[in-house]
Amino acid sequence: MTHRNPNGPLDLAQLRTFLAVYRAGSLTAAARLVGLSQPTVTTQLRALEERTGRQLFERLPRGVTPTPAADDLAARLAGPMDALEAVAGGGAADEPAPEPPVLLAGPAEFLAGAVVPTLGPLLDRGVRLRITAGLAEDLLAGLRAGRFDLVVSTIRPRGRALVSEPLADETFVLVGSPEWAARLDRELLERDGPAALAGAPLISYADDLPILRRYWRHVFDTRLTAEPALVVPDLRAIKAAAVAGLGVTVLPRYLCLAELADGSLLPLLDPEDPPINTAFLVQRSGAFPLPHAGLVREHLLRVARSC
């Protein structure tokens with residue numbers, strides 16, 4: 001049987017591992033940060049909990065969430081441990097400890113069109129990023145497992161493991177090339193909606209036309225039953241197809257601002273209440289993020305507000 005000694009000195013290696021888990025929100029991510037195996041991280045945490053006599057984390061199906069005791073310990077440890085890391089790494093005690101890259105993930109089109117072009121100020125401040133594109137559900141699962149620090153998601157996560165905040169609203173617009181706009185009866189489109197689009201090839205992200213179906217339901221108050229003429233799972237490729245005159249489609253306005261400005265795409269309809277989809281910025285609940293992850297979060301929120 002193990003006997004705890006609450007008055008004995010705490011092990012620095014265990015404290016370092018604890019702080020990594022607290023900041024990362026998962027054992028898997030923390031193991032990567034401190035260069036240990038996950039079983040070793042688990043063993044060190046249990047030993048620290050035994051020594052302090054307090055539960056530090058609640059184990060969730062994916063990841064962990066800190067207890068109030070962990071919040072208190074992390075608040076007292078963060079500054080001194082970062083200074084110690086700087087000294088151990090050969091720097092001065094008042095220099096910040098080197099940070100790992102910030103792991104950011106989100107939809108490929110949103111990252112390419114609205115996020116990546118704005119990252120210059122972060123790189124100028126020494127922030128390093130590793131960016132992953134993917135589907136919202138997969139990325140949120142990866143965030144819970146500690147594979148990412150921040151995720152831009154078009155799905156608002158549920159449960160206690162993740163916390164989200166609104167980032168940006170995507171407004172959707174029905175578009176076509178000037179050639180297709182000339183073929184359509186715009187008055188009929190405004191008056192009768194889908195009837196004016198009969199026979200127009202539809203370009204879609206997937207066979208079940210998810211974005212077009214939503215537009216039809218929201219704007220025309222009807223169910224879209226047509227088959228897509230072209231399916232390509234990349235909104236940037238859909239935009240290129242529309243510019244080439246292959247048909248009509250629905251796109252987020254931010255993705256086709258340049259084409260709408262130069263006339264290579266035209267809005268086919270201007271409803272008073274267009275469909276809007278909210279993108280969320282998501283991180284692990286209770287995690288004490290590394291400073292650079294906090295800088296990325298603040299930057300993305302600031303850029304989104306200015307758009």
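All values derive from a computational prediction rather than experimental measurement. The figures that follow rest on heavy atoms only: side chains count, while hydrogens, waters and symmetry mates do not.
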*Does the side chain of Glu165 come within less than 4.5 Å of Arg297's, by heavy atoms?*
yes

_Nearest-0.5 Å distance, CG of residue Asp149 to CD of residue Gln283_ = 9.5 Å

*Between Glu298 and Arg125, does at least one N-O distance fall below 4.0 Å, as a salt bridge requires?*
no

*Nearest 0.5 Å please: distance from the CZ atom of Phe148 over to the CG atom of Leu140.*
9.5 Å

*asked:* Under a plain distance cut-off of 3.5 Å, with no hydrogens placed, do Gln38 and Thr28 share a side-chain donor-acceptor pair?
replied: yes

*For the residue pair Val115 and Val303, establish whether any side-chain heavy-atom pair is separated by less than 4.5 Å.*
no

*Where do Val175 and Leu266 land on the side chain to side chain contact (heavy atoms under 4.5 Å, CB included) test, with the steps shown first?*
CA-CA 5 Å; Val175 296; Leu266 296 178; over 6 Å; no

_Spacing of OG1 belonging to Thr249 relative to CG belonging to Leu268, to within rounding of 0.5 Å_ = 10.0 Å

*Pair Glu109-Lys239, salt bridge (Lys or Arg N to Asp or Glu O under 4.0 Å): steps then yes or no*: CA-CA 11 Å; Glu109 300 87 354; Lys239 178 178 68 174; over 6 Å; no

*Evaluate whether atom CG of Leu188 has more than 12 neighbouring non-hydrogen atoms of other residues, nucleotides or ligands under 6.0 angstrom away.*
yes

_Please give me the minimum heavy-atom distance between Ala136 and Ile155, naming the atom from each residue._
CB-CD1, 3.7 Å

_According to a hydrophobic-cluster definition based on side-chain heavy atoms being under 4.5 Å apart (Ile, Leu, Val, Met, Phe, Trp, Tyr only), do Ile203 and Val231 belong together?_
no

*What heavy-atom pair brings Ala114 and Tyr254 nearest, and what distance separates the two atoms?*
CB-CD1, 4.4 Å

*asked:* With a 6.0 Å cut-off (strictly less than), is the heavy-atom count around CG of Asp221, excluding the residue itself, greater than 12?
replied: no

_Here's a test for you: under side chain to side chain contact (heavy atoms under 4.5 Å, CB included), which of Thr52, Val41, Leu77 qualifies with Phe18?_
Leu77

*Under a 4.5 Å cut-off applied to non-hydrogen side-chain atoms, are Leu174 and Leu197 in contact?*
yes

*Below 4.5 Å, heavy atoms only, C-beta onward: do Leu27 and Leu45 meet side chain to side chain?*
yes

*If you take all heavy atoms of Thr222 and Pro194, which pair is closest and at what distance?*
CG2-CG, 3.7 Å

_If hydrophobic clusters are built by linking Ile, Leu, Val, Met, Phe, Trp and Tyr wherever their side-chain heavy atoms come under 4.5 Å apart, do Leu103 and Leu119 end up in the same one?_
no

*Within a strict 4.5 Å, meaning less than it, do heavy atoms of the Leu300 and Leu104 side chains meet?*
yes

_Separation of Leu255 CG from Arg253 CZ (nearest 0.5 Å)_ = 12.0 Å

*Gap between atom CZ of Arg76 and atom CG of Leu15 - 0.5 Å precision*: 9.5 Å

*Taking the side chain as every heavy atom from C-beta outward, state whether Arg144 and Pro157 have any atom pair closer than 4.5 Å.*
yes

*Taking atom CZ of Arg46 and atom CG of Leu56, what is their separation to the nearest 0.5 Å?*
13.0 Å

*Give a yes or no on whether Asp270 atom CG has more than 12 heavy-atom contacts from other residues, nucleotides or ligands under 6.0 Å away.*
no

*Return the minimal non-hydrogen interatomic distance between His299 and Thr118, and the atom names on each side.*
NE2-O, 2.9 Å

*Check for a donor-acceptor pair, side chain of Arg284 on one end and backbone N or O of Ala161 on the other, with a separation under 3.5 Å.*
no

*Give the cluster check for Leu167 versus Leu122: same hydrophobic cluster or not, with ILVMFWY residues linked at side-chain heavy-atom distances below 4.5 Å.*
yes

*Just wondering, are more than 12 heavy atoms of other shown residues or ligands nearer than 6.0 Å to CZ in Arg59?*
yes

*Criterion side chain to side chain contact (heavy atoms under 4.5 Å, CB included) on Val34 and Gln44, from CA distance to verdict*: CA-CA 12 Å; Val34 297; Gln44 289 191 359; over 6 Å; no

*Treating Ile, Leu, Val, Met, Phe, Trp and Tyr as nodes and any side-chain heavy-atom pair under 4.5 angstrom as an edge, say whether Leu139 and Val152 lie in one connected cluster.*
no

*asked:* If hydrophobic clusters are built from ILVMFWY residues whose side chains come within less than 4.5 Å, do Leu257 and Val243 share one?
replied: no

*Which heavy atom of Val219 sits nearest a heavy atom of Pro275, and at what distance?*
CG2-CD, 3.8 Å

*Taking all heavy atoms of Gln55 and all of Ala69, pick out the closest pair and write down the distance.*
O-CB, 4.0 Å

*Could you go through the side chain to side chain contact (heavy atoms under 4.5 Å, CB included) check for Phe110 and Glu170 one step at a time?*
CA-CA 10 Å; Phe110 186 82; Glu170 300 175 329; 3.9 Å; yes

_Working note: Ile238 + Ile211, criterion side chain to side chain contact (heavy atoms under 4.5 Å, CB included); need CA distance, chi angles, decisive distance, verdict._
CA-CA 12 Å; Ile238 291 174; Ile211 299 176; over 6 Å; no

_Test item: His218 and Asp273 side chains (from C-beta on) under 4.5 Å apart, heavy atoms_ = yes

*Sorted by first residue and then second, give each side-chain hydrogen bond (donor to acceptor under 3.5 Å, both in side chains) pair with at least one member in residues 192-217; sequence neighbours left out.*
Arg214-Asn277

*asked:* Does any part of the side chain of Phe220, heavy atoms only, come nearer than 4.5 Å to the side chain of Leu269, both counted from C-beta?
replied: yes

